[in-house]
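Only one structure is covered here, and it is reproduced in the block below.
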Amino acid sequence: MGVGRVDDAMAVIERLPDAIRESPNVAVFQAEFAIRKDQPAVAGRNAVLAARSHTSIERVRSMFSYLASREQWQSIADCDSPVPFKEFPHALMAIEANFKMNRLASAGEILKRALAQWPSEPRLLGSLYDMTIRGGGDPWERLLEGHLKVSLPVLDADRLATYIGYSFRLVRPDLAWMLFRRLGEMDPKDPALSLAAVQYGPVWFTFRKHALGMKAEDKRETIDMRAEFRKKINTPEYKSRWGGVPLAEDMLGSRMDRVRDKYLDECLAELERREKDGKMSRRLDMTFPVVLGFAGKYLDAHRRLSDLEKKYPRDQDEIVLQRAVLYDRCGQWQECYELLRE
């Protein structure tokens with residue numbers, strides 16, 4: 001339908017009584033017309049009205065990509081329906097919208113429905129992590145652990161590298177070790193492996209007490225199990241419970257500063273080699289300035305970030321955050337403040 005016909009149709013609809021104009025079957029047409037004219041607020045408002053009917057809900061969900069691109073997250077969240085999702089991306093956008101609106105209960109309900117429909121879908125791992133880290137508690141952590149194990153064989157290197165960091169930040173080194181081992185099988189020289197040693201070496205054996213069955217007043221209370229692992233890492237009990245602990249010999253040593261320097265050098269050398277061989281990816285491009293920052297090469301890191309701004313214009317938020325971290329690390333707090341205020 002041409003733009004002129006769309007305008008004519010909208011003019012007719014505008015003259016209808018409110019009860020008809022706001023009915024789902026008419027609202028869905030208004031939402032679709034609004035998308036044609038790039039009117040996101042109008043599209044979102046009518047999508048919510050149309051979502052009340054099971055006959056139009058799939059047409060509404062097909063609008064989620066457009067509404068998300070225009071940041072109409074509340075409208076997507078308000079389009080909740082008990083009708084099962086037919087398309088996985090629609091469920092994922094609905095979960096994200098509820099997270100953005102801080103509706104954790106709704107996000108959790110949709111996530112549970114998605115898990116029931118797509119029990120081995122690895123793209124749900126990010127949402128499971130978000131639910132766990134936002135205070136979802138033990139049930140969500142158990143779901144995350146189970147889904148990680150189910151998804152492990154199909155996770156690519158980028159996702160494995162991401163979830164290694166997620167697991168350490170969740171204070172689940174055992175999950176990080178599992179992911180580390182898998183990435184090591186796929187690519188023993190992946191820079192994410194040596195970078196994990198640099199970033200998380202000091203907490204390589206840090207667990208939450210309650211996760212180990214220890215008494216703790218606060219569920220977030222942690223304990224460094226390094227000394228215990230030194231004594232028992234080679235016992236059948238520990239081998240059975242924990243599997244192989246990656247980099248165990250280095251991580252159980254007494255000179256963590258030397259361990260850090262060793263793996264930092266390895267990481268930089270591997271990144272330089274892959275860049276020379278033309279084997280960089282977006283993840284490795286984004287990793288390079290992080291590693292340079294750890295090495296204290298702040299000017300080189302900033303230069304790389306400037307190059308990345310041109311190469312990845314859609315990733316400005318991540319690049320700005322990296323710059324802010326560099327400023328903070330070298331004591332340029334005013335520059336950090338000004339950057340984040342913009």
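Note that the structure is a prediction, hence the values are computed from the model and not measured.
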**Message:** Distance to the ring centre below 6.0 angstrom and angle to the axis at most 45 degrees; does that hold for R61 and F85?
**Reply:**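 Satisfied, under 6.0 Å and within 45°.
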**Asked** Under the 6.0 Å and 45° cation-pi test, does R260 pair with F294?
**Response**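 Judged by the rule (NZ or CZ under 6.0 Å from the ring centre, within 45° of its axis), R260 is not positioned above F294.
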**Request:** Classify the ring geometry between F29 and F33 as parallel (under 30°), tilted (30 to 60°) or perpendicular (over 60°).
**Result:**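 Answer is tilted, since the angle falls between 30° and 60°.
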Side-chain ([X]) to main-chain ([Y]) donor-acceptor, under 3.5 angstrom:
X	Y	value
R52	C79	no
S53	A50	no
S81	A51	no
D328	A324	no
R181	G243	no
S240	E237	no
R134	M131	no

**Item:** Stepwise salt bridge (Lys or Arg N to Asp or Glu O under 4.0 Å) test for R70 and D38
**Value:** CA-CA 9 Å; R70 300 299 188 270; D38 194 21; 3.0 Å; yes
Quick check: closest heavy atoms across [X] and [Y], and the distance to 0.1 Å?
X	Y	value
R274	E270	NE-OE2, 2.7 Å
P289	L326	O-CD2, 4.4 Å
A97	W73	CB-O, 3.5 Å
F207	F205	CD1-O, 3.4 Å
W204	P173	O-CB, 3.3 Å
M186	L160	SD-CD1, 3.3 Å

Within the 4.5 Å heavy-atom criterion, are [X] and [Y] side-chain neighbours or not?
X	Y	answer
E275	L271	no
L124	L92	yes
R304	L292	yes
P40	Y66	yes
E141	L128	no
L193	L183	yes
F64	P89	no
Y327	Y298	no

Do [X] and [Y] sit in the same hydrophobic cluster, where Ile, Leu, Val, Met, Phe, Trp and Tyr count as joined when their side-chain heavy atoms come under 4.5 Å apart?
X	Y	result
F288	I319	no
Y166	L143	yes
L195	M286	no
V325	Y312	no
V48	V83	no

Could you tell me whether [X] atom [atom1] has more than 12 heavy atoms of other residues or ligands within 6.0 Å of it?
X	atom1	result
E249	CD	no
E71	CD	no
D277	CG	yes
R169	CZ	yes

Atom [atom1] of [X] and atom [atom2] of [Y]: how far apart are they, to the nearest 0.5 Å?
X	Y	atom1	atom2	value
I35	S62	CD1	OG	7.0 Å
K189	C267	NZ	SG	12.0 Å
E96	L111	CD	CG	13.0 Å
S167	L148	OG	CG	5.5 Å
K262	L264	NZ	CG	13.0 Å
L321	L339	CG	CG	9.0 Å

**Request:** Report the C-alpha separation of D138 and H210 in whole Å, then their side-chain angles, then the decisive distance to 0.1 Å, and conclude whether the side chain to side chain donor-acceptor pair (under 3.5 Å) test is met.
**Result:** CA-CA 10 Å; D138 293 347; H210 87 282; 3.1 Å; yes
**Request:** Compute the ring centroids of F229 and W177, then answer whether they are less than 6.0 Å apart.
**Result:**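 Yes, they do, as the ring centres are separated by less than 6.0 Å.
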**Asked** Taking the six-membered ring for Trp, are the ring centroids of Y129 and H147 within less than 6.0 Å of each other?
**Response**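 No: the rings miss the under 6.0 Å criterion.
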May I ask you to say whether [X] pairs ionically with [Y], meaning some side-chain N is under 4.0 Å from a carboxylate O?
X	Y	answer
D300	R303	yes
D315	R282	yes
K86	E58	no
K149	E145	yes
D224	R208	no
R283	D190	yes

**Message:** Which residue is it: E309, E338, E318, E335? I am looking for the one with a salt bridge (charged side-chain N to carboxylate O under 4.0 Å, His left out) to R323.
**Reply:**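 For R323, the salt bridge (charged side-chain N to carboxylate O under 4.0 Å, His left out) test succeeds with only one of E309, E338, E318, E335, which is E309.
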**Request:** Among M93, Q74, R103, find the residue that satisfies the side chain to side chain contact (heavy atoms under 4.5 Å, CB included) test when tested with N98.
**Result:**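 In the set M93, Q74, R103, the residue that makes a side chain to side chain contact (heavy atoms under 4.5 Å, CB included) with N98 is R103.
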**Request:** Apply the test salt bridge (Lys or Arg N to Asp or Glu O under 4.0 Å) to residues K276 and E272: give CA-CA distance (whole Å), side-chain angles for both, the deciding distance (0.1 Å), then the verdict.
**Result:** CA-CA 6 Å; K276 182 179 178 181; E272 289 167 355; over 6 Å; no
**Message:** I'd like to know whether D174 forms a salt bridge (Lys or Arg N to Asp or Glu O under 4.0 Å) with R241, so could you lay out the CA-CA distance, the side-chain angles of the two residues, the decisive distance to 0.1 Å, and finally the verdict.
**Reply:** CA-CA 10 Å; D174 55 318; R241 182 175 183 182; over 6 Å; no
